[in-house]
Amino acid sequence: MIWTFTKTVASCARFDCLGAVPVKLEVEYQKEYAVIKLSGKFTYAARKLFTDAYKELLYASPYTTIHIDFSMIDYLDSAALGMLLLLKERSEESGKQVIITNCSGFPLDLMNIAGFTRIFQMAN
């Protein structure tokens with residue numbers, strides 16, 4: 001039996017320069033892994049929310065695998081790519097694995113162009 005516990009970490013109340021909807025971030029705890037679920041536009045405005053969430057999972061949780069769920073992301077900017085690179089670097093230092101899940105459309109195209117599909121494990 002798989003159980004799920006969802007904790008809404010926070011929502012970003014600021015609008016970015018694109019007039020983006022505030023970013024929402026939730027952390028779900030599955031039996032074998034944790035999931036960071038982002039919705040909206042993944043931009044610099046989400047930096048603190050995203051960084052705080054992944055630091056908690058890397059350094060203060062027993063989970064060895066972290067999924068980043070992109071199913072509700074329709075846009076990301078270069079700052080988001082930078083945040084993902086920092087997460088990858090820090091996860092390797094702490095011996096944990098990061099998997100990007102449910103990435104499609106523009107975000108997947110950008111990840112392909114930037115070579116992120118070779119850096120990260122991708123799953124649907």
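Not measured: the values here are computed from a predicted model. As a basis for the values below, the full set of heavy atoms in this structure was taken, side chains included, without hydrogen atoms, waters or symmetry mates.
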Mind checking whether Lys48 and Asp52 have side chains closer than 4.5 Å, heavy atoms only? yes
Using side-chain contact (heavy atoms from CB on, under 4.5 Å) as the criterion, list what pairs up with [X], not counting sequence neighbours.
X: Gln97; result: Thr65, Ile99, Gln121
X: Asn112; result: Leu108, Thr117
X: Ala34; result: Tyr29, Leu57, Tyr63
X: Leu86; result: Tyr54

Under the side-chain hydrogen bond (donor to acceptor under 3.5 Å, both in side chains) test, which residues partner Asn102, sequence neighbours left out? Asp69
Given Leu38, Thr43, Leu110, the one that forms side-chain contact (heavy atoms from CB on, under 4.5 Å) with Leu76: Leu110
Apply the test side-chain contact (heavy atoms from CB on, under 4.5 Å) to residues Phe42 and Met83: give CA-CA distance (whole Å), side-chain angles for both, the deciding distance (0.1 Å), then the verdict. CA-CA 10 Å; Phe42 188 17; Met83 288 183 270; 3.7 Å; yes
Applying side-chain contact (heavy atoms from CB on, under 4.5 Å) to Val35 and Ile68, what does each step give before you reach the verdict? CA-CA 6 Å; Val35 181; Ile68 309 297; over 6 Å; no
Can you classify the ring geometry of Tyr75 versus Phe106 as parallel (below 30°), tilted (30 to 60°) or perpendicular (above 60°)? parallel
Between atom CD1 of Ile66 and atom OG of Ser61, what is the distance when rounded to the nearest 0.5 Å? 6.0 Å
Nearest-0.5 Å distance that lies between atom CG in Leu87 and atom CD1 in Ile100: 8.0 Å
Remaining members of Met72's ILVMFWY cluster at a side-chain heavy-atom cut-off under 4.5 Å? none
Derivation of the side-chain contact (heavy atoms from CB on, under 4.5 Å) call for Glu28 and His67: CA-CA 10 Å; Glu28 287 186 1; His67 291 203; over 6 Å; no
Which heavy atom of Leu84 sits nearest a heavy atom of Phe120, and at what distance? O-CZ, 3.2 Å
Closest heavy-atom pair and its distance - Asp77, Tyr44: OD2-N, 3.4 Å
State plainly whether one hydrophobic cluster holds both Phe70 and Ile113, where clusters connect Ile, Leu, Val, Met, Phe, Trp and Tyr through side-chain heavy atoms under 4.5 angstrom apart. no
Is a salt bridge present between Glu26 and Lys24, judged by a nitrogen-to-oxygen distance below 4.0 Å? yes
Run the side-chain contact (heavy atoms from CB on, under 4.5 Å) test on Leu58 and Ser91 for me, step by step, so that the C-alpha distance in whole Å, both residues' side-chain angles and the decisive distance to 0.1 Å come before the verdict. CA-CA 7 Å; Leu58 288 178; Ser91 68; 3.8 Å; yes
Any residue meeting salt bridge (charged side-chain N to carboxylate O under 4.0 Å, His left out) with Lys55, in chain and number order, not counting sequence neighbours: none
Here the salt bridge (charged side-chain N to carboxylate O under 4.0 Å, His left out) pairs for residues 93-118, sequence neighbours left out, are none
